[in-house]
Amino acid sequence: MGPALRVPGLRLEGKDAVGRSVEYHRPSSLAEACELLHQLGDAAIPLAGGTDVVVDLRRGTKAPKHLVSLADLSALRGISLSDGALTVGALVTPTQLETSQEVASTRPEFLDAVGVFGTPQVRNRATVGGNLCTAASCADLSPLLLVLNARVTVATPTGSREVPLEEFFGDHRSTVLEPGHLVSAVSVPSRAPGEGAAYEAFGLRAANSITVAGAAAYLRMEEGLCTGARVALGAVSPCPLLVPGVEEVLVGTEAGDPNLERAALAAADAAEPLSDIRGTAAHRRELVERLTVRAFQVARGRAQ
Ligand SMILES: Cc1cc2nc3c(=O)[nH]c(=O)nc-3n(C[C@H](O)[C@H](O)[C@H](O)COP(=O)(O)OP(=O)(O)OC[C@H]3O[C@@H](n4cnc5c(N)ncnc54)[C@H](O)[C@@H]3O)c2cc1C
């Protein structure tokens with residue numbers, strides 16, 4: 001047993017999913033959790049819904065000595081609307097997004113991503129914060145949050161700061177977070193007139209498997225002309241990818257199908273897909289093109 005930790009809160013010892021010893025901590029405030037994670041450093045990982053962590057423990061890709069549960073951190077719960085932004089707590093589940101009045105009235109496109117997300121059991125257990133922090137390229141919420149210009153609130157032992165989501169991801173499955181840092185919430189601007197966004201994904205859902213390729217698109221239309229456009233991709237690059245150069249193709253046009261197809265080609269060019277058990281690189285690149293056109297068409301309809 002190491003030196004006594006200064007931070008109070010529940011602390012248990014037990015075995016992880018494959019029988020290794022692990023200490024389980026359950027701090028009762030965000031400040032305590034950040035301080036505890038800071039003290040424990042690389043030996044600890046935060047535990048939210050556990051739908052990725054438990055898989056990693058079983059596979060042995062993570063073997064922490066300490067698990068720090070976020071379950072009692074009420075500051076990480078809830079969905080609110082204020083100052084023109086929709087703020088979603090890190091512990092909010094896909095099911096809670098699906099049933100939220102605030103989401104339905106301001107950012108209904110979240111339902112596109114929730115609709116393809118896992119099974120009901122996974123949607124009840126997984127969290128928005130976990131989906132971002134796991135930094136998997138196939139995470140279904142990330143492309144949509146990228147095109148909506150999301151900002152991540154990061155709590156640290158010395159206070160909170162905001163990070164634009166497009167600066168949050170590192171290389172494969174990494175983020176800018178350091179030991180002692182927790183995502184407490186993610187915010188997106190409320191929908192403005194003339195804006196539309198959508199997320200389209202292709203997956204082998206019969207096998208409850210993760211997305212093979214996904215595309216989110218955002219359009220802003222004013223007096224029939226496009227004044228803003230963004231595309232982000234999932235499952236075709238080391239981390240969720242905001243595609244560069246899309247505005248140059250679409251801004252100033254009527255965002256008709258030929259221009260949407262040109263933007264989709266730019267997205268397919270930017271993708272860096274791999275071949276794996278779920279699909280070949282060539283198939284994924286083709287999917288990106290089609291999913292991007294489809295997402296843009298839905299976004300254009302919603303922008304009316
Ligand atoms: C059967 C199955 C189906 C799935 N289907 C999908 C799917 O369709 N789409 C999809 O996107 N994902 C899917 N997933 C993956 C997973 O459910 C999601 O990534 C989920 O959002 C992770 O959230 P969690 O709360 O369970 O994270 P956890 O497993 O608790 O944590 C994931 C990672 O994030 C860190 N973390 C969690 N919360 C925070 C925080 N607030 N601050 C800092 N770090 C944090 C943890 O330390 C860990 O490294 C599936 C998983 C399973 C097992």
Side-chain angles (χ1 to χ4, degrees), residues 16-17 22 24-25 27 30 33-34 36-38 40 42-59 61-64 66-77 88-98 110 112-146 152-156 160 163 168-170 172-186 199 201-214 216 234-235 239-240 278:
D16 73 7
V22 65
Y24 174 82
H25 307 260
L30 182 54
C34 289
L36 179 58
L37 284 160
H38 179 67
L40 295 171
D42 290 337
I45 56 171
L47 176 70
T51 59
D52 283 318
V53 166
V54 173
V55 174
D56 287 335
L57 293 178
R58 283 188 179 279
R59 285 188 184 145
T61 44
K62 280 186 182 153
H66 303 265
L67 286 172
V68 177
S69 169
L70 311 183
D72 289 342
L73 308 188
S74 54
L76 273 55
R77 298 193 183 276
V88 177
L91 288 179
V92 166
T93 65
T95 300
Q96 288 167 338
L97 286 176
E98 194 173 16
F110 269 114
D112 297 347
V114 172
V116 297
F117 199 114
T119 56
Q121 294 93 327
V122 173
R123 291 198 290 275
N124 287 341
R125 185 81 208 158
T127 65
V128 171
N131 202 242
L132 293 179
C133 296
T134 207
S137 81
C138 59
D140 281 305
L141 294 172
S142 299
L144 190 59
L145 287 165
L146 276 169
V152 179
T153 307
V154 177
T156 78
S160 282
V163 180
F168 180 76
F169 299 114
H172 178 63
R173 295 201 77 162
S174 70
T175 70
V176 297
L177 297 179
E178 292 170 15
H181 292 189
L182 283 171
V183 167
S184 60
V186 59
Y199 176 65
F202 178 85
L204 311 171
R205 188 46 74 201
N208 186 26
S209 74
I210 50 179
T211 287
V212 175
C239 65
R278 285 179 292 276

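The first residue of the sequence shown is numbered 1, and numbering continues consecutively from there. Just so you know, these numbers come straight off a predicted model, no measurement behind them. Just follow the structure's listing: the first ligand is 1, and inside any ligand the first atom is 1.
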Could you tell me which atoms of ligand 1, counted from 1 in the order shown, lie closer than 4.0 angstrom to a heavy atom of [X]?
{"X": "G49", "result": "24 (P), 25 (O), 26 (O), 30 (O)"}
{"X": "A90", "result": "41 (N)"}
{"X": "V116", "result": "8 (O)"}
{"X": "V53", "result": "28 (P), 29 (O), 30 (O), 31 (O), 46 (C), 48 (C)"}
{"X": "A139", "result": "11 (O)"}
{"X": "A48", "result": "25 (O), 30 (O), 37 (C), 38 (N)"}
{"X": "L70", "result": "38 (N), 39 (C), 40 (C), 41 (N)"}

Would a 4.5 Å heavy-atom cut-off, applied to side chains only, mark [X] and [Y] as touching?
{"X": "L67", "Y": "I45", "result": "yes"}
{"X": "P179", "Y": "D42", "result": "yes"}
{"X": "C133", "Y": "L182", "result": "no"}
{"X": "D72", "Y": "P27", "result": "no"}
{"X": "L145", "Y": "F110", "result": "yes"}
{"X": "V186", "Y": "L141", "result": "no"}

What is the distance from atom CD1 of I210 to atom CG of D140, rounded to the nearest 0.5 Å? 9.0 Å
Quick one: pull up OG1 in T127 and CG in L132 and give me the separation to the nearest 0.5 Å. 8.5 Å
May I ask you to check whether N124 and T93 show a side-chain donor-acceptor distance below 3.5 Å? no
Under 3.5 Å: donor-acceptor pair, side chain of R123, backbone of F117: yes
Polar atom proximity, [X] to ligand 1 (N or O, under 3.5 Å):
{"X": "V55", "value": "no"}
{"X": "I210", "value": "no"}
{"X": "D52", "value": "yes"}

Judged by non-hydrogen atoms, does T211 sit under 4.0 Å from ligand 1? no
Ligand 1 contacted by K62 (non-hydrogen, < 4.0 Å): yes
Region of [X] engaging ligand 1 - heavy atom pairs below 4.0 Å:
{"X": "D56", "result": "neither"}
{"X": "N131", "result": "both"}
{"X": "P46", "result": "both"}

Side chain to side chain contact (heavy atoms under 4.5 Å, CB included) test vs S184 passes for just one of V154, L70, L76, namely L76
Who's closest to [atom] heavy-atom-wise, of [options]?
{"atom": "atom 21 (O) of ligand 1", "options": "T127, L76, L73", "value": "T127"}
{"atom": "atom 45 (C) of ligand 1", "options": "G115, G214, C133", "value": "C133"}
{"atom": "atom 51 (C) of ligand 1", "options": "L37, T51, L177, L30", "value": "T51"}

